[in-house]
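Below, each value reflects all heavy atoms present in this structure, side chains not excepted, and no hydrogens, waters or symmetry copies. Given the structure is predicted, the values throughout are model-derived calculations rather than measurements. Letters go in sequence order (proteins before strands), and every chain restarts at 1.
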Amino acid sequence: MTEAISADGIRKRYGDVQAVDGVSLSVATGEFYGILGPNGAGKTTTLEILEGIREPDEGRVELLGLAPWPRNTALLPRIGVQFQASAFFVKLTARETIRTFASFYGIGPKRADAMLERVGLTDSAGVLTDKMSGGQAQRLSIACALVHDPELVFLDEPTPGLDPQARRNLWDLLRDINAEGRTVVLTTHYLDEAEVLCDRVSVMDHGKVLKTGTPAALVREIDDTVRVGVESGQLTAARARELFAAAGAEITGLEDDGATLSLSTRLPAPVLSVLAEQNALRGLEVRGATLEDVFLQLTGREYRA
Amino acid sequence: MSTTSTPVRRPESGSESAGTERVSAFAGLTRVMLLGFVRDRGALFFVLLMPLMFLLMFGALFKNTGAPHVKVAEVGQVRVLDSVQGDGRAELEKVLTISRADDEKSALEKLRKGDLDGVLSEGADGTVNLRYSATDQVKAGSVQGIVNSLVQDANQAASGKAPVFTLVPSQVEDESLKPIQYLTPGLLGWAIATGAVYGASFTLVSWRKKRVLRRLRLAPVSPGTVVGARVAVSLAIALAQTAIFLAVATTPFFGLKLTGNWWLVVPLVLCATIAFMSIGLVTGAAAKSEEAANGINQMIILPMSFLGGAFIPLDGAPGWLTTVSHFLPLRYLVTSAQAVLSRGGGVMDVLPSMGGLLAFSAVMCAIAWRFFNWDDA
């Protein structure tokens, strides 16, 4: 597979802060690639360097075989960048906005209107952008990034503040975009989003890439801990501890928050049989590790959504 | 998950020439800026309505200060007045308002209060008594002159001979400014300065703040196209302001008479607009928010308007103020526009100003370039 993006050892310093500290990554053509990391991890700066908005202090970047810095007008029509939803011209309607963006690429109003329809905004085409709902503005923002039919699309936090239904609609749209053969690079606050959408993800912190791989491989690799939970009140935490020790069931954590007695273990079988013997299986939940656990283990901190 | 079954279509634009894209981007940006201006009621008010309201207000206020008009009361019958009839009477009433008073005492009371400028009565033997107040020297002089000429005319007519001497008065080009002659270019200059400074600075600040500048940077649009579109829109707005102002000022009510090469105001306005825009570029590059830009702009425009002669004529201004005004672009617009609009000025009255305005713009653009930032970050 050819590379849509290749970055090698990029670094960027702002004053005392080393925002990006030697990031290398490679994204294949047609891939859906996610960059995860807590706030301040250097995701946005990395993305900006990839897009060609910022010049790295060190390192080399190529998009579609071309250097994005300095500003390369031959490359620009081939990439699409989605911004925060508020980055629109003032006092324009949705239709006027997307037609304006289309005009920058020499694209006529018909194609612009078709893109508006694709993101389901035909009915709101006459609404001023500052009167649109969060979900509508996000979709318009994505439509503006796609109006010139780019090969490579960058999405920076596309779904914050959306209701679950709007998020799911947006995910469908993003999957379709990718299925058409476009390479998509996404930064997100939401791990479920990365798990659902991305072929591969990189976890970043302190300006470095900590780990890269498919979501499934990352989960398998870091942890085979299973989380088990049952309804509280069937077994006290102290009694459970005794019973597990007696049965030789190793547990790594045990907690009763008043609603759920939850524990984690690498060997779920003896734990479950103890719970079954005690007839304490009401409300049983067994769950494997998620990207959230990967994240926690790699960065040592909770993911702040 | 990743499929490459559908090949990515290349943008159609790829086959079009860069020229077409530039035209399309220029048209798109021009439209955005025009719509942004027309839909912004506040901008419309400050750039068009408020200056027009000032013109209406000051124009109506100062309208009659130029022509002396005196009011007299006629007590009893005064033959020299009553004998003037027909066309002569209409001509007389242009300069003299004549009212009748039955009671001399109350008429004199009015004269003392300043409600009348003269009280006329006829005594025995054809004596014409004129009482006047010396409070207003001009009116006192006028009323004496007018009544005196009436008496002379009546005497001459009574002699039954043809007049030996006849006075033929003719007016030379009036060198003193009439209010409408300085109000029009002054308030127009203020309006154009407001529109151009705000247009440039708000576009810059709000596009940077809303990250539209970054978006433009990631589109294949050249900075020249963006700047060109902004300049074109501001020039169009300035020309519209000029057209509306001249249309209003030349109505019979205001009575501005355009003379000679008045059209020279068009290139002058274009150069001045560019100069004002360059000020807006500096404030827009320096200010972090619309509010800050608003404050800085007003701090520049208002003093510049007063010191540059937009509200008050600079003719009688003290020396230091004249010196200060030479550094203000608005002064060059206002004085040159005064010269060409109604005082018969020619090319040489505007060319040096236009050169100066463009030089000023070049300096300001260089400063703006130093401060310019694509992002707030």
Q. Does the ring of F101(A) carry R215(B) above it, NZ/CZ under 6.0 angstrom from centre and within 45° of its axis?
A.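 Cation-pi check for R215(B) and F101(A): passes.
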
Q: Look at V90(A), T73(A), L92(A) and state which one has the largest set of heavy-atom pairs under 4.5 Å with chain B.
A: L92(A)

Q) So which of R99(A), E51(A), K91(A) has the biggest tally of heavy-atom pairs under 4.5 Å with chain B? A) K91(A)

**Q.** Top of L216(B), T225(B), T203(B) for chain A proximity - count of heavy-atom pairs under 4.5 angstrom
**A.**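 Option with the greatest count: L216(B).
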
Q: Heavy-atom distances under 4.5 Å only: say whether L75(A) touches chain B with side chain, backbone, both or neither.
A: neither

Checking [Y] against [X]: is there a side-chain donor and acceptor pair closer than 3.5 Å?
X	Y	answer
S234(B)	R230(B)	yes
Y105(A)	S24(B)	no
S26(A)	E3(A)	yes

Q.
A quick test of your reading: do over 12 heavy atoms of other residues, nucleotides or ligands sit less than 6.0 Å from CH2 of W369(B)?
A.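 Open.
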
Q. Parallel, tilted or perpendicular for F104(A) and F89(A), by the 30°/60° rule?
A.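 Rings of F104(A) and F89(A): perpendicular, as their planes differ by over 60°.
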
Q) Salt bridge check: are D57(A) and R11(A) linked by an N-O gap of less than 4.0 Å? A)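 R11(A) and D57(A): not salt-bridged.
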
Q. Using non-hydrogen atoms only, which part of R39(B) is less than 4.5 Å away from chain A: side chain, backbone, both, or neither?
A. both

Q) Where is the tightest heavy-atom contact between F88(A) and A137(A), given as atom of each residue plus distance? A)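 So the minimum-distance heavy-atom pair works out to CZ-O, 3.7 Å.
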
Q: With a 4.5 Å heavy-atom cut-off (strictly below), which parts of residues 43-53 of chain B touch chain A? List them by number.
A: none

